[in-house]
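Here is the structure we will look at, set down as structure tokens.
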Amino acid sequence: MKKIYIGCDHAGFELKEKIKEFLTKKNLSFEDLGNTEYDEKDDYPDYAFPVAKRVAKENAIGILFCGSGLGMCIAANRIKGVRAVAINNLKDSESSRNEDYANILCLGGRTLGFWKAKRILNKWLETPYSKEARHKRRVKKIR
């Protein structure tokens, strides 16, 4: 398993803390790039960019948390080499990894409960990249 970098703003802080416990129980290596304490005045790009830069530089994976997952996703995708997705269901979680080679998963602290977020994350982590030429070709066009 690749190294996992995680980050959040205030709206994703509670969900991130619960997911950290889940990752620890699964013995997965992760690094929390912040915010490491709740701050209602923080801004999601301040945490999306460090995670996205590390993911791109180190060929790692990331998990970002904000209110909807969408702001983090938009910010993370500004970094070359990042394919961030905001996911709300298991089917999309699987296809984002299998077909789209997503390397950052963005989850909404205000839109997902812990149990659903955990199931989405588990599916995302367990899904391998497709070996099909058509998927590789499409991702290569994005690069």
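- Nearest approach of Y129 to A102, heavy atoms of both residues: OH-O, 3.7 Å.
- The stretch residues 134-143 participates, sequence neighbours left out, in these salt bridge (charged side-chain N to carboxylate O under 4.0 Å, His left out) pairs: E132-R134.
- L23 places a side-chain heavy atom less than 4.5 Å from the side chain of L121.
- Side-chain contact between L105 and L125: absent, with no pair of heavy atoms (C-beta onward) separated by less than 4.5 Å.
- Judged purely by atom type and a 3.5 angstrom limit, Y44 has no side-chain atom pairing as donor or acceptor with the backbone of F65.
- Both L112 and W115 are assigned to one and the same hydrophobic cluster, defined by single-linkage of ILVMFWY side chains at heavy-atom distances under 4.5 Å.
- Nearest heavy-atom pair, D32 versus K20, reported as atom, atom and distance to 0.1 Å: OD2-NZ, 3.0 Å.
- Ring geometry, H10 versus Y38: the interplanar angle exceeds 60°, so the pair is classed perpendicular (tilted spans 30 to 60°).
- Taking every heavy atom of both residues into account, C106 and A84 meet most closely at SG-CB, 4.2 Å.
- Enclosure of atom NZ in K53 is not indicated, since only 12 or fewer non-hydrogen atoms of other residues, nucleotides or ligands lie within 6.0 angstrom.
- Looking at every heavy atom in both residues, A75 comes nearest to P45 through CB-CA, 4.3 Å.
- Within the model, atoms OH of Y47 and CG of L64 stand 12.5 Å from one another, a figure rounded to the nearest 0.5 Å.
- A donor-acceptor contact shorter than 3.5 Å is absent between the side chain of K123 and the backbone of K91.
- With rounding to the nearest 0.5 Å, the separation of CD1 in I87 from CD in E94 is 11.0 Å.
- No continuous path of hydrophobic side-chain contacts links I4 to V55 [ILVMFWY only; heavy atoms under 4.5 Å].
- Under the 4.5 Å side-chain criterion, counting only non-hydrogen atoms from C-beta, L90 is in contact with R119.
- Atom SG of C73 sits about 8.5 Å away from atom CD1 of I104, to the nearest 0.5 Å.
- If you take CD on E17 and CD on E37, they are separated by 10.5 Å, rounding to the nearest 0.5 Å.
- Side-chain contact between V51 and I6: absent, with no pair of heavy atoms (C-beta onward) separated by less than 4.5 Å.
- Residues D43 and D9 share a closest heavy-atom pair of C-CB, 4.4 Å.
- Nearest heavy atoms, E99 versus V139: O-CG2, 4.0 Å.
- No more than 12 heavy atoms of other residues, nucleotides or ligands lie within 6.0 Å of CD in E14, so this atom counts as exposed by the packing criterion.
- Note on L33 and I63: separate hydrophobic clusters, where clusters join Ile, Leu, Val, Met, Phe, Trp and Tyr whose side-chain heavy atoms are under 4.5 Å apart, directly or indirectly.
- In this structure, the side chains of N59 and K2 come closer than 4.5 Å at one or more pairs of heavy atoms.
- Atom-to-atom distance recorded for N89:CG and S95:OG is 8.0 Å, nearest 0.5 angstrom.
- Between V85 and W124 there is a side-chain heavy-atom pair separated by less than 4.5 Å.
- V82 and I74 fall into different hydrophobic clusters, defined by Ile, Leu, Val, Met, Phe, Trp and Tyr side-chain heavy atoms under 4.5 Å apart, directly or through other members.
- By the side chain to side chain contact (heavy atoms under 4.5 Å, CB included) test, F114 is found to be paired with L15, K18, I19, F22, K118, residues two or more places apart in sequence or in another chain being considered.
- No side-chain donor from either of N35 and K16 sits under 3.5 Å from a side-chain acceptor of the other.
- Between R54 and E31, some side-chain heavy-atom pair lies under the 4.5 Å cut-off.
- Atoms OH and OG, from Y5 and S29 in turn, are 8.0 Å apart once rounded to the nearest 0.5 Å.
- Listed for the S93 side chain is a donor-acceptor partner under 3.5 Å among the backbone atoms of I120.
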